[in-house]
Structures are given as structure tokens and as C-alpha cells.
Amino acid sequence: MGRKILNSFHWLGFSFLEPLVRLIRGEEPKKNGLIIFRKVIVPIASVLLFLGVCNYFAHYLYAVERERKIEKTLATQGEEAALAMQECIDSGDLSCKPNSLPSPGDVWNGAVTLIEDHKTISADKEAFREKTAGINAKRKAQGKEPITYTGRPSFVDQIMTSLETVFAGFLLAALLAIPAGIVLGLSETLRTALNWVIQIFKPVSPVVWLLLVSMVVKTILASADMDKSFVISFISVGLCSMWATLVNTAMGVSSVDKDYLNVSKVLRLGVFSNVFKVILPSSIPLIFTGLRITLSVAWMVLIAIELLAQSPGLGSFVWEEFQNGANDSNAKIIVAMFVIGGIGFALDRMMMLVQKAVSYESRA
Amino acid sequence: MEIVTDTKVMLECKDLTKAYPTPTGDFVVLEDFQLQVKEEEFISIIGHSGCGKSTLLTMVAGLNEITAGQVLLDEVPINGAGPDRAVVFQSPSLFPWMTALENVMIGVKQVFPHATKAQRNDICKYYLSKVGLADAFHKKAIDLSQGMKQRVGIARAFALKPKVLLLDEPFGMLDSMTRVELQDVLIDVWSKEKITAIMVTHDVDEAIFLSDRVIMMTSGPYAKVGDVAHIKLKRPRERHTVVEHPNFYKYRQHLLTFLDH
């Protein structure tokens with residue numbers, strides 16, 4: 001039983017929890033206690049320290065902003081207004097709160113607000129669906145489009161949209177880069193011929209890709225009745241992120257162990273068997289390393305692209321909050337930042353698991 | 001050069017030359033190398049490192065370009081590599097993502113395209129059992145020890161039913177205990193199959209124990225056959241009887257004296 005737990009931890013990449021399990025089972029308490037101190041307690045302490053520093057810094061900035069606000073009121077509206085402002089700020093009234101870096105507490109409140117907001121919107125949607133169910137059924141019978149909910153998306157909806165976009169982009173990148181990488185890896189001529197394309201396009205910024213893609217997509221889908229901003233952003237994400245996979249696949253395919261190729265020659269394997277039974281399996285570790293980089297790049301550029309393309313998602317959420325400038329906007333932006341980081345981390349872990357599962361090299 | 005007349009010649013190297021071009025002229029590894037190997041003969045090629053014996057073997061295998069001359073297999077000039085000349089490589093070169101059985105199977109499929117699945121399976125399992133891997137059919141190659149990997153390598157080569165078996169320092173990467181074990185495995189399988197074999201080796205004892213004839217090559221460049229020893233120990237051979245045989249030390253002395261020069 002204990003062995004099983006440890007194995008599954010190891011497989012999931014949670015091996016830092018291993019000593020805790022061992023300690024609970026009473027194995028080598030001194031050694032495991034020390035490991036727990038190093039691997040569990042110290043990291044937790046570092047998180048607390050980080051929060052403390054943030055908190056201190058946020059309060060410092062708040063104080064600076066408060067002084068400035070009061071001085072400004074004093075200069076423009078006189079002493080009485082300045083005193084009123086000071087009172088208003090110190091009473092914690094949201095209407096005159098100085099706008100600065102939110103403290104960890106503010107961020108927490110922002111997160112709570114966002115979740116509450118999601119609940120309200122979900123309830124709204126549910127109510128809307130119930131209300132329109134009858135009408136939509138009729139419209140469907142008449143061959144008309146059903147009425148859809150057009151209200152504001154909640155934070156969770158935005159996350160979902162972002163995930164959809166990133167997966168569509170990632171899929172596009174994989175579908176383009178893996179076959180292209182194999183072809184490039186097999187032919188040295190093609191590799192040298194197209195090297196300049198890769199070298200030049202690889203460092204191009206996501207913003208430029210977005211513009212380029214929108215130039216093309218606008219023309220092609222000019223009349224099509226579909227969500228252009230989604231198409232533009234997922235294609236841009238795919239094109240930005242595919243390079244790591246392309247380069248890694250080409251490298252993996254072109255650097256297959258010479259011994260394997262000799263065996264393949266002695267056995268006179270056909271082109272098909274050679275590629276699918278020898279070359280591809282032996283390059284899988286490198287291909288997956290490439291895909292892992294691709295997914296993390298895709299997630300990173302997605303935010304910037306959504307922000308610019310005005311396509312719904314976390315990127316536009318951040319931008320809208322920034323433009324909005326409400327009292328808790330800054331806190332919400334920071335919540336989004338942590339959500340983005342957390343999802344990026346989760347995606348990377350997911351790819352790592354897939355890589356472990358399909359690659360012959362790794363042994364858990 | 002030695003002319004063999006009594007039995008059929010399975011493999012012949014005629015005026016075989018290998019030269020690598022360098023800025024200061026060709027670097028000639030082998031020049032006008034002559035060799036005849038009879039059917040069912042086991043020969044070893046022994047020589048110092050870098051004398052070109054591995055080059056010779058890879059040329060016969062078709063994995064290395066021939067600069068001049070010919071390699072005739074059963075009187076037909078070879079053209080590239082092929083399963084009629086199975087190779088046991090120094091590093092076992094198994095596909096690590098396949099099981100032991102699959103590693104043998106991939107070759108068997110090529111050689112016996114018309115056999116049924118069950119027949120192919122039987123062939124693979126037969127040879128894997130022969131090399132002592134009856135309980136490791138479905139183990140991934142990456143999980144096998146170095147010695148077990150080379151056993152699979154031997155099984156894979158024999159399962160191809162080649163005309164010639166080429167062994168390129170097959171036990172060079174193994175520790176001495178495993179090496180002895182595998183020599184026994186090899187001679188055991190070989191005595192049943194009697195496939196014409198050429199083995200490149202550094203090891204004098206190994207050469208005497210396994211071969212009918214030991215070709216001693218001079219050090220390169222321009223390597224050629226320096227001397228030949230006919231090992232007339234009766235087969236099937238067993239290690240302890242071979243070692244106790246009075247002629248064993250004569251052969252050994254012969255080879256060592258040559259290598260000392």
C-alpha cells in the first residue's frame with residue numbers, strides 16, 4: 001500500500017512528498033525529518049516571506065499614493081477638502097481609495113469577488129436558459145437561430161476560452177511542426193535550404209505574428225460568419241510556438257543513433273518501416289521535449305495575443321481590468337497573473353506526464 | 001594468398017581496397033586484400049587496434065563503401081547491406097523501445113515475408129530460447145543487461161538465416177565473465193546452424209576457441225594478411241577440453257608472437 005502511494009507520487013512528480021509519507025509510517029524519523037525540513041518547510045517559509053515582502057511593499061506604495069492624493073487635493077481644492085479626503089481614505093471608503101499595488105489581502109479579496117461574480121453570472125445564464133428554452137424550441141422548429149446568452153463572460157469563462165485557444169494553437173503547432181520536422185530531419189538538402197526560414201521566423205515577436213495572421217485571415221474569412229478573433233489568435237499562437245517542436249523534431253530525426261540506422265540497413269527495412277519503426281520512436285524523447293516547450297510558449301504568448309486581438313480570454317480580461325481602473329482592478333489583475341502562472345505550471349506538468357508515458361527512455 | 005579448393009567458397013574478398021581521401025593524399029587502410037571463406041567455416045580476424053579489421057568487416061556487411069575491388073557472396077558481388085549478411089554489432093544496437101521478441105521479429109518479418117504470424121513467432125522464440133532468453137521475450141530491450149542485449153543481438157542475427165554471419169567484436173563491451181558465457185552461447189547456436197562466420201576480435205583465446213581459421217592482420221595503413229593459423233581442434237568444442245588440449249597453447253603462442261611484432 002505504502003509502496004503504491006510512493007510510486008504514484010513519484011510518477012506524478014510529487015516525489016518531494018515522499019519523506020512525509022515515510023515519516024508518517026515511522027521510517028528513519030531523523031533523516032526524513034531533515035528532508036521534510038529542507039523540501040517542505042523551507043519552501044513554505046519562502047512563500048510566507050514572499051507574501052510578507054509583498055505586503056510591506058504594497059503598504060509602502062499605498063502610503064506614498066495616499067500622501068500624494070491628499071497633497072493634490074490640498075493644492076487644487078484647499079485645506080478643507082484635503083482633510084475630508086484624508087478622513088475618507090482612512091475610513092477605508094472604496095470611493096476614495098488610492099490606487100496602488102494591491103496587498104496580498106486585497107488580492108485575496110479580488111479572487112473572492114471573481115468567484116462570487118462567476119456564481120452570479122452562472123446563475124444568470126441558467127435563468128436565461130430556462131426562460132428562453134420554450135422560445136428557442138419554437139425558433140428551432142421554424143428553422144431560426146436560437147437566442148444565445150450575450151452577457152458579460154465571467155472570469156472562469158475567460159479561463160476556459162483561453163484554454164480552448166491555447167489547445168487549438170498547440171494542436172495546430174504540433175500538426176504543422178512534427179511532419180515538417182520529420183521531413184526536414186530526413187533531408188539534409190531541405191534542412192539547409194529552409195534553415196534561413198526557421199532562423200528568421202523563430203525570433204519573431206508574437207505581436208508581429210498576430211498582425212501577419214490577421215492580414216491573411218481578414219481576407220480569407222472576409223465573408224465567413226465565424227469568430228474571426230478566435231481564429232486569428234489560435235493561428236498566431238500556433239505559429240509562434242511551433243518552432244521549438246520543429247527544430248527538435250528535425251534534430252531528433254537527423255541525429256538518430258548510427259547503430260540503429262545500420263541495423264535498419266542490414267535488415268533492408270523499407271522507407272515506411274524505417275521512418276515509423278526506427279527513426280520516429282528513437283526521436284520521440286526529443287519531439288516531446290519540443291512539444292513541452294511549444295505548449296509553454298503557446299501559453300505565454302496567448303495572453304499577449306488575446307490582449308491585442310480583442311479575442312475573449314485571460315489576456316483581454318487583464319487588459320479590460322487595466323482599462324477599467326476600478327478600485328479592485330489591480331487586485332484582479334494580480335489574481336489573473338497567479339491563475340496564468342498556475343495554469344502554465346499545470347500544463348507543463350501534464351506534458352511531462354505524457355512525455356514520461358510515451359518515451360522509452362524514462363523509467364519511473 | 002591462400003587458395004581454398006576442396007569446398008564451396010561462400011564469401012570472397014577480391015583485391016579489396018579502402019582509402020579515405022585526405023588533403024595530403026589518400027589514406028589507405030586496406031589494399032588489395034584477398035580472403036576466401038568456405039561454406040560452414042568460422043574464421044576470426046585478429047590484429048591491433050586500427051589495423052582495419054573492422055573496416056574490412058563493415059565493407060563486407062555493405063555498411064562501408066568499397067574503394068576498389070569486390071566482395072563476392074556466393075559468387076555474386078554484394079550491393080549494399082542486406083539480411084543475407086547478418087551483423088552482430090559491438091554495441092548490441094537493439095531498438096530500446098521494442099521488446100526482445102520485437103527486436104528479433106522486425107528482422108524475421110523482412111526475411112520471411114510469406115510466413116504466417118505463428119511461424120514467425122516460433123522462429124523468434126526458438127532463437128531467443130537458444131540464447132537463454134526463454135523467460136525474457138516480452139522484456140523491453142532497455143531493461144535488459146548488456147549481456148542479455150548481446151544475446152538478443154545474436155538471436156536476431158541467427159534468426160535471419162543469413163548466408164554469412166558477421167561479428168564485429170561482439171563481446172568487446174562485456175565483462176570477462178559474461179564474455180565467456182556468451183562465447184559458449186555463440187558456439188552452441190553456431191554448431192547447430194553452421195553458418196559461415198567472420199568474427200573480428202582482439203581476444204586471442206576467443207579467436208582460437210571459436211574459429212577454424214585465424215587471420216592475423218598486419219598493422220595499418222596498407223594492412224594485409226600477415227599470417228594464418230588453422231585451428232584443428234575437433235568440434236563440437238567445449239571450453240575445458242579446448243583449454244586442456246596441448247595444441248591450444250601452441251596456437252596461442254603463434255598468435256601472441258605475431259601480435260607482439
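As the structure is a computational prediction, the values presented were derived from the model and not from experiment. Computed from heavy atoms alone, side chains included, the values below leave out hydrogens, waters and symmetry copies. Chain A is the first sequence line, chain B the second, and so forth, proteins listed ahead of strands; every chain is numbered from 1.
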Which donor-acceptor pairs under 3.5 Å do side chains of residues 178-189 of chain A form with protein atoms, sequence neighbours excluded?
unit_1	atom_1	unit_2	atom_2	d
A/Ser187	OG	A/Thr189	N	3.4
A/Ser187	OG	A/Leu190	N	2.9

Under a 3.5 Å distance rule, please check whether B/Trp97 uses its side chain to pair with a backbone N or O of A/Lys277 as donor and acceptor.
yes

Straight-line distance of A/Asn262 CG to B/Ser91 OG, nearest 0.5 Å:
9.0 Å

Residues of residues 60-85 of chain B near chain A, each having a heavy atom less than 4.5 Å away
B/Leu63, B/Asn79, B/Gly80, B/Ala81, B/Gly82, B/Pro83, B/Arg85

Residues, nucleotides or ligands: over 12 heavy atoms within 6.0 Å of B/Lys194 NZ
yes

Contacts of B/Lys192 meeting salt bridge (Lys or Arg N to Asp or Glu O under 4.0 Å) (sequence neighbours excluded), chain-then-number -> B/Asp188

What is the distance from atom OG of A/Ser273 to atom NZ of B/Lys109, rounded to the nearest 0.5 Å?
8.0 Å

Name, in order of residue number, those residues of residues 111-127 of chain B that have a heavy atom at a distance of less than 4.5 Å from a heavy atom in chain A; otherwise write 'none'.
none

Go through the atoms of A/Leu261 and report whether side chain, backbone, both or neither lie under 4.5 Å from a heavy atom of chain B.
neither

Of all of B/Val87, B/Ile106, B/Leu160, B/Thr58, which one pairs up most often with chain A through heavy atoms under 4.5 Å apart?
B/Ile106

Among A/Asp259, A/Leu267, A/Val263, A/Val266, single out the residue with the greatest number of heavy-atom pairs under 4.5 Å to chain B.
A/Val266

To check you understand the geometry: which heavy-atom pair defines the closest contact between B/Leu94 and A/Tyr260, and what is its length?
O-CE2, 3.3 Å

